[in-house]
Amino acid sequence: MWRMEKAPNIPEPFLKPYNSKESEPRILELWEKSGFANPDVCIEKGVTAADAESYSIVLPPPNVTGTLHMGHAAMLAIQDILIRYNRMRGKKTLWLPGTDHAAIATQSVVEKDLLKTEKKTRHDLGRDEFLKRVEAFAQASHDTIVGQVRAMGASVDWSREAYTLDEARNLAVRTAFKSMYDAGLIYRGNRIVNWDPKMQTTVSDDEIEYVEQKDPFYYFKYGPFTIGTVRPETKFGDKYIVMHPDDARYKEYKHGQKLEVEWINGKITATIVKDEAADMSFGSGVMTITPAHSGIDFDIAQRHKLDVEQIINERGILLPIAGEFAGQHIKKARPMVLEKLRQKGLLVKVEGGYVHNVATNSRGGETIEPQIKLQWFVDVNKKFAIPHSEIPGIASGSETTLKELMRRAVDSGAIKIAPDRFEKVYYNWIDNLRDWCISRQIWYGHRIPVWYCLNCKHEAMDAEVKSKWFIVRHGETEKNLKLIYQGHSDSPLTAQGRIQAAAVAERLKNHDIGLIISSDLGRCKETAGIIAGTIDAEIVYDQELRERNFGDAEGMSFDEAKEKFGSYLDAYDETKGNIETSKRLEERISKAFHKLKATHGHKNVVIVTHGSAIRLLLKHLQNISYEEARVKPKVSNSEVFSLDILKSPCEKCGGDLFEQDSDTLDTWFSSGLWTFSTLGWPYSAQSATKGKPGPENDFANYHPTDVLETGYDILFFWVARMILMTGFCLGTVPFRNVYLHGLVRDAQGRKMSKSLGNVIDPLTMIEKYGADAARLSLIVGASPGNDVKLSEDRVRGYKHFANKVWNISRFVLEAGAGGEIRHPMSNLEKIDKKLIDEAHAIVKTVSENIDSFRLDLAADTIYHFVWHRFADEIIEESKALLKAGGEAAESRRHTLYSILHTCLKLLHPFMPFVTEAVWQELPKKESELLMVAKWPIDV
RNA sequence: GCGCGCUUAGCUCAGUGGUAGAGCAUUGUCUUGACGUGACAAGGGUCGGGGGUUCGAUUCCCUUAGCGCGCACCA
């Protein structure tokens, strides 16, 4: 029972059991007000010496895809322990927080929600509007995450918070991209990539998850051979028969030999290819290949310079090569193809239950279809001269590769990975690493900083945009609807046309439009007026922007005009009657455009004009033939074409009109820069001065960081890529230590997932048992690199411990030590000296354990000492002594107080809230906040 | 197929070349200057199996089984 009578010397809060819910917000406020998470403040207030050794960690940025889970909580707990411990040891300590835009993951969450709630796709909204939705979602996630990080008691320096997609990080991305491009390590090429037909984007090798699937395995007659496959629907174009050169069964066939075989859509000529990729022991030992849709087959094709033909398009639809099956989705085509082969007598047999691995996108679960596509890659094997290197074994100015850089950073000992078995895993990954595809066809992310000259297609890297010009077709008119030529005649916008115009305005309103220039025909005027209503820019009219003058054809329906004027309407430079030729229109519109650009090129401009006008203008600007322009899709109502006017003109042709690559970068490209892009690279990296305070000097003070702490599951995704990027950009390592923690699982060892309903929410645990308990439950028993099985019981257990700490403190304070630790300890009883020595021995053990990342052992040691030694034995034995009074009691009082002091400090990194709450009640304290008290190592 | 782990008390896990530890759980006792979110005490394991090195192995080596993970392959 709680004794409610007030004992002497007892601060009021101790009259009640420890209440985490009440004290945590209060303590959090104290910390945040103090600003001590910011090392500059610590120096300013004299807590840390200006020349102290630094200690830094950058927080692995949580994805803004929702809320934090227990894995994040573990990460925060571990890092906060390291940070608080080092801060208390007097180091200049920085823990830099941030969040990750997580490109595909975030976009996919928003797309799913959009489809579910509004039945719309991202294309229905358009790039700008869709991005606005994603940003709103990301912002909301960010705010939730920040709240959770704070609730955990994580002493991060919010003043330095970063986002992987903010301006500073964008500059870092562009800078890194350009220098890698200049070094020849980033290239654009047609290679086989992992294509997600649902999300319509490439996916990197590491983002693929193989899912076991059982399917029937079919054997078909292919000429004199029998071939096996799970996917007959991909085999239309198979015209190479691959067999192992040593396969005795087929030695009569020679490499390059041709033979005619009956196949799905009739006879084809097949060629024998001898290649060691064929596995003699698998199936018949003979296979046909589909190079456009299989990595291995593609490699074979490359080796032997074979034809590569696309069979399936980007949406998983069969192409014309499939004959009667063209236009079918592959999933539907399989049974049909099978049936045809059966009817042709080519099906030999079917084996059921063939187990194979199907590649899926780990970010959305859709089956991956390999495709050959023009994409951007990072070449990991290409040699380049590294200007500056601090990595042992790689000399400045020497030739190296990214792979070598990654390997050396670890095998030289510059980076130590704990637990060390992961070093082997890391090398294994490097050995199998292929070029990294970095371009994604999604919208949320860093745009690829490459512009293509409209005129000559030359690439410009990381250019500066002077202004953006948007060329817009007017909204739908009544005559558009009726398919009537308007030309210089006119008709009002339809209701739909007005909606379209308003949608354009919405899309453009964040682009700081300085001027709207419109054709002076009514439909454009009306469109421009609607746009101006939202974006508030001046409108000028220019009659040179008018539509093609269709002369006598005006007012006629398309069919009627075609009958009367036939091919003249479509011709480039021929006319009949008073119809303006396309050539004339092109000359007129382009002349007008260049004139406008000369006057208004410095501001962002919207041009509202007409379908044919836009088409011919683009033909002119893109410097393409009329024939090429004609096959491009027609310009639809309210369609927007955006062009960038660059500050420096094209190196090749001098033009200044460019189009930026529409793709975005793999999210790991920007996360790879995280350890230094957050510390001021590149803008203040050069001028940063070691020893000077302030964020502008962070790069010199805190890079390389001390520890990168994260789950072992993202060793490849992220850790390896940071090593790559830092090695290349800086010639150094991003961190000296990698500490990998295990994954948090449920009590049965299963992964926590929504569908299993076994998710334990950190906030709920904090609410019920306190942040200290939640933290400890993730630390004790969690040995490095091993998964933690978490149950609510465990968390509850540590709540009891928090209360124990509270009560020990209450007892010691009640004993009335007066708040002073006796210095020197010389006049203490012998036994008391021994007790104090014992506590110091514990400090040593705990410090060593933390230094070697054995937080589990450290926590266990303190737990055991505090509860079973200090409380159960030392305090119990002291009771009689204190009662007896005299010198011995006096000496013991000081001893108890001293040990309590030590325990609070030792416990603080692990349980910051209770310990700080107790500290606040101490009658005299060495520092206002325990957070910045001195670690007792030299007490 | 290649590689990496794990197997110790009912559960979750530490640990060490000298015949084993913690937390939780279980059982019993206890209102003693804080704490029943407590204290004291008890029960419970021949450290997966086999072999080797050693005076001695749970700890080192080999082998075997089960479980888990990573990578590659999968026509």
Side-chain angles (χ1 to χ4, degrees), chain A residues 1-3 7 10 14-15 17-18 205-206 210 212-213 215 217-220 222 225-232 234-235 238 241-243 277-279 281-290 294-297 300 354-359 419 421-433 712-713 715-716 742-743 745 747-749 769-770 773 776-777 780-783 785-791 793-794 796-816 854 856-857 859-861 863-864 867-868 871-872 875-876 878-880 882-883:
Chain A
M1 284 304 286
W2 282 89
R3 290 153 209 278
I10 278 300
F14 283 108
L15 297 178
Y18 179 63
D205 292 346
D206 291 301
Y210 289 92
E212 224 174 58
Q213 200 172 298
D215 279 305
F217 193 77
Y218 308 102
Y219 288 91
F220 298 110
Y222 188 86
F225 308 104
T226 301
I227 57 160
T229 182
V230 181
R231 304 189 56 190
T234 65
K235 309 211 89 46
D238 288 15
I241 310 160
V242 183
M243 56 196 64
D279 179 355
S281 61
F282 189 92
S284 59
V286 172
M287 63 177 174
T288 62
I289 56 170
T290 315
S294 151
I296 289 292
D297 293 3
I300 296 172
Y354 172 69
V355 180
H356 61 142
N357 289 326
V358 175
R421 64 186 156 93
F422 284 105
E423 293 191 359
K424 291 179 210 161
V425 178
Y426 175 77
Y427 297 136
N428 182 258
W429 178 80
I430 293 178
D431 290 341
N432 291 309
L433 187 62
Y712 64 75
D713 55 332
L715 176 63
F716 309 140
L743 310 183
R745 297 172 178 278
Q748 279 95 54
Y769 308 108
L776 223 49
S777 72
V780 182
S783 54
N786 291 329
D787 295 352
V788 189
K789 288 179 192 165
L790 185 72
S791 62
D793 274 350
R794 263 179 81 127
R796 190 184 300 116
Y798 293 109
K799 180 194 164 87
H800 296 174
F801 182 58
N803 189 56
K804 189 73 183 177
V805 171
W806 184 251
N807 279 300
I808 288 169
S809 307
R810 170 184 157 137
F811 176 82
V812 173
L813 290 180
E814 232 175 38
R854 290 307 305 266
D856 56 323
L857 296 184
D860 202 55
T861 304
Y863 182 98
H864 196 255
W867 199 320
H868 301 300
D872 290 349
I875 287 181
E876 287 306 324
S878 301
K879 286 177 180 171
L882 293 173
K883 205 172 203 172

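So that the names make sense, note that chain A is the first sequence line, chain B the second, and so on, each numbered from 1.
By the salt bridge (Lys or Arg N to Asp or Glu O under 4.0 Å) test, K879(A) pairs with E876(A), sequence neighbours left out. Partners of Q213(A) according to the side chain to side chain donor-acceptor pair (under 3.5 Å) rule, which considers only residues two or more places apart in sequence or in another chain, are D215(A). Not counting sequence neighbours, S284(A) has no partner by the side chain to side chain donor-acceptor pair (under 3.5 Å) test. In this structure, the side chain to side chain contact (heavy atoms under 4.5 Å, CB included) partners of D206(A), at least two apart in sequence or on a different chain, are S204(A), W429(A), F716(A), F717(A), R721(A). V788(A) pairs by the side chain to side chain contact (heavy atoms under 4.5 Å, CB included) definition with A782(A), R794(A), not counting sequence neighbours.
For F811(A), taking side-chain heavy atoms from C-beta onward, the closest of the listed nucleotides A34(B), C35(B), G70(B) is A34(B). Closest approach to the K804(A) side chain among A14(B), C71(B), G38(B) is made by G38(B) (side chain taken as heavy atoms from C-beta onward). You'll find that the side chain of N786(A) is closest to A14(B), out of G33(B), A39(B), A14(B). Which of U12(B), U37(B), A34(B) sits closest to the side chain of K799(A) comes down to U37(B). Side-chain proximity of K424(A) to the nucleotides A14(B), C4(B), A72(B) is greatest for C4(B).
Here G70(B) sits opposite C2(B) as a Watson-Crick or G-U wobble pair (both hydrogen-bonding atom distances under 3.5 Å).
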Expected rows: protein N/O vs nucleotides 20-23 of chain B N/O, under 3.5 Å:
{"unit_1": "G23(B)", "atom_1": "OP1", "unit_2": "H868(A)", "atom_2": "NE2", "d": "3.0"}

